[in-house]
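These notes are about the structure you will find just below.
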Amino acid sequence: MRNIKILWGVVAVLFIAVVILSSVLSADLINQRHVDMSPDQTKQNPSVKVIATIGDKTITSMELEQQLLQKHGRELLNQMVDHEVIRMEGKALGLFVEESEIQKELKRMQQGYDNEGQFYESMKVQLGLTPEALKADIYDKLLQEKIITKDIIVSDEQVNAYIQSHPEEFKAAAQLRLQQIVVSSKDQAAKVTADVSKGIEFAQIAKDRSLDDATRDNGGDLGWVEEDDPFIAPAILKAAKQLKPGEVSKPIDLNGQLYIIKLKDRKEQPKESKETIMESVRKELALRAAPPLKDAIKKLREKYKVQVML
């Protein structure tokens, strides 16, 4: 339950159409049949603007709008409809989302990021979301959850039973700030170790000697990772957890290469209160017992007599 990034995979799906518009349309528009318009024709209709030329062919703003409507219009329209029926149902039931709830969810989402600025930059780059759009999306998400779980009661006994049977989900988590150097032989690993013992900066050694293209240029920095991160090799995490900040590991043999790890820093996640944990588990169990969101939205569309003409 504490893997917030996985929980927000749904958000990425909802906004992926917006993110890929520019790349998709660039390729597709060129392959579509274009309606040529002369300068005289565009003058006759000021709302039609030529936005690209390819030799003697033109692409107009009207053509772009038509392509957008055909390719992504229905998807975006459905999102708009769902947004409205959720808001209407929330109003009818007297349900709403407090600003404090939105801020709490934002804090949860920011786990694993170095700072708030990095988090918002990631949301903008990966999902195309401004802070305002992100808050609106969180509002809708939390309101949806309230609507579909309003009649579901989860007892304290159920909550406690879940906590007792899943202790690994509630242990205090640690985050590790790691750097790595990857080499191909014991001889190269020995040279790295020798450089470290001479006091040469680990980041500089990584830039000079590491074979890992993804991290070499930034000094082997892996950033902050959870101590049980599923995307980091267990052998590397095991070695890193035995280090103190500033210490460097012995070479780790992995997939035919040798990894030397430095633990730059370590931070313990503060333990959540029992009340917070129980609230989180109660909500998760209620969501599991609730009808699928797709079914709930379908009923709301029927209730509010939605008609989609596109």
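Count residues from 1 along the sequence.
Shown here for Ala92 and Tyr304, the closest heavy-atom pair between the two residues is CB-OH, 3.7 Å. Of all non-hydrogen atoms in Gly220 and Ala206, the two that sit nearest each other are N-CB, 3.8 Å. Taking both residues in full, the closest heavy atoms of Asp217 and Lys207 are given as O-CE, 3.4 Å, listed atom of the first, atom of the second, then distance. Considering all non-hydrogen atoms of both residues, Asn78 and Arg301 come closest at OD1-NH2, 3.1 Å. Smallest separation of non-hydrogen atoms from Phe202 and Ile260: CZ-O, 3.5 Å. When all heavy atoms are compared, the tightest approach of Glu247 to Gln242 is OE1-O, 4.4 Å.
Within a 6.0 Å sphere centred on CD of Glu201, heavy atoms belonging to other residues, nucleotides or ligands number 12 at most. Other residues, nucleotides and ligands contribute only 12 or fewer heavy atoms inside 6.0 Å of the NZ atom of Lys91. For Asn255, the CG atom counts as loosely surrounded, since its 6.0 Å shell holds 12 or fewer non-hydrogen atoms of other residues, nucleotides or ligands.
The distance from atom NZ of Lys150 to atom CD1 of Ile147, rounded to the nearest 0.5 Å, is 9.0 Å. Considering CG of Asp265 and CG of Leu178, their distance stands at 10.5 Å, rounded to 0.5 Å. Here the CG atom belonging to Leu237 is positioned 7.0 Å from the CG atom belonging to Leu176, to the nearest 0.5 angstrom. Here the OG atom belonging to Ser155 is positioned 7.5 Å from the CZ atom belonging to Arg282, to the nearest 0.5 angstrom. Here the straight-line distance linking atom CG of Leu69 with atom CG of Leu64 works out to 11.0 Å at 0.5 Å rounding. Taken to the nearest 0.5 Å, the CG atom of Leu254 stands 9.5 Å off from the CG atom of Leu258.
Gln204 and Asp208 form a side-chain donor-acceptor contact under 3.5 Å, judged by distance and modelled atom types alone. No side-chain donor from either of Glu145 and Thr149 sits under 3.5 Å from a side-chain acceptor of the other.
Evaluated for a salt bridge (charged side-chain N to carboxylate O under 4.0 Å, His left out) with Glu101, the options Lys107, Lys146, Lys283, Lys141 yield exactly one hit, Lys146.
Using modelled atom types, one side-chain atom of Ser210 and one backbone atom of Val182 make a donor-acceptor pair closer than 3.5 Å. Listed for the Gln179 side chain is a donor-acceptor partner under 3.5 Å among the backbone atoms of Gly219. Between the side chain of Ser280 and the backbone N or O of Thr276, no donor-acceptor pair lies under 3.5 Å. Judged by distance alone, with hydrogens and angles left aside, the side-chain atoms of Glu75 form no donor-acceptor pair with the main-chain N or O of His72 at under 3.5 Å. Proximity of a side-chain donor or acceptor of Asp137 to a complementary backbone N or O of Ala133 within less than 3.5 Å is not detected.
Partners of Lys104 by salt bridge (Lys or Arg N to Asp or Glu O under 4.0 Å), not counting sequence neighbours, listed by chain and number: Glu279.
Looking at heavy atoms from C-beta onward, Val281 lies out of side-chain contact with Glu169 at the 4.5 angstrom threshold. Side-chain contact check for Glu63 versus Ile51: every heavy-atom pair is 4.5 Å or farther apart. Side chains of Leu134 and Met109 form a contact here, defined as non-hydrogen atoms less than 4.5 Å apart. Two residues are said to be in side-chain contact when any heavy atoms from C-beta on lie closer than 4.5 Å; Lys274 and Ile163 fail this criterion. Proximity of Arg266 to Lys244: side-chain heavy atoms (C-beta onward) are nowhere separated by under 4.5 Å. You'll find the side chain of Lys135 reaches within 4.5 Å of the side chain of Leu106, heavy atoms only. Annotation: side chain of Gln79 is not in contact with side chain of Asp82 (no heavy-atom distance under 4.5 Å). Two residues are said to be in side-chain contact when any heavy atoms from C-beta on lie closer than 4.5 Å; Ile152 and Leu287 fail this criterion.
Taking the centre of each ring, Tyr162 and His166 come in below the 6.0 Å mark.
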- Item | Trace of the salt bridge (Lys or Arg N to Asp or Glu O under 4.0 Å) decision for Lys191 with Asp187 | CA-CA 6 Å; Lys191 291 180 180 178; Asp187 180 58; 3.7 Å; yes
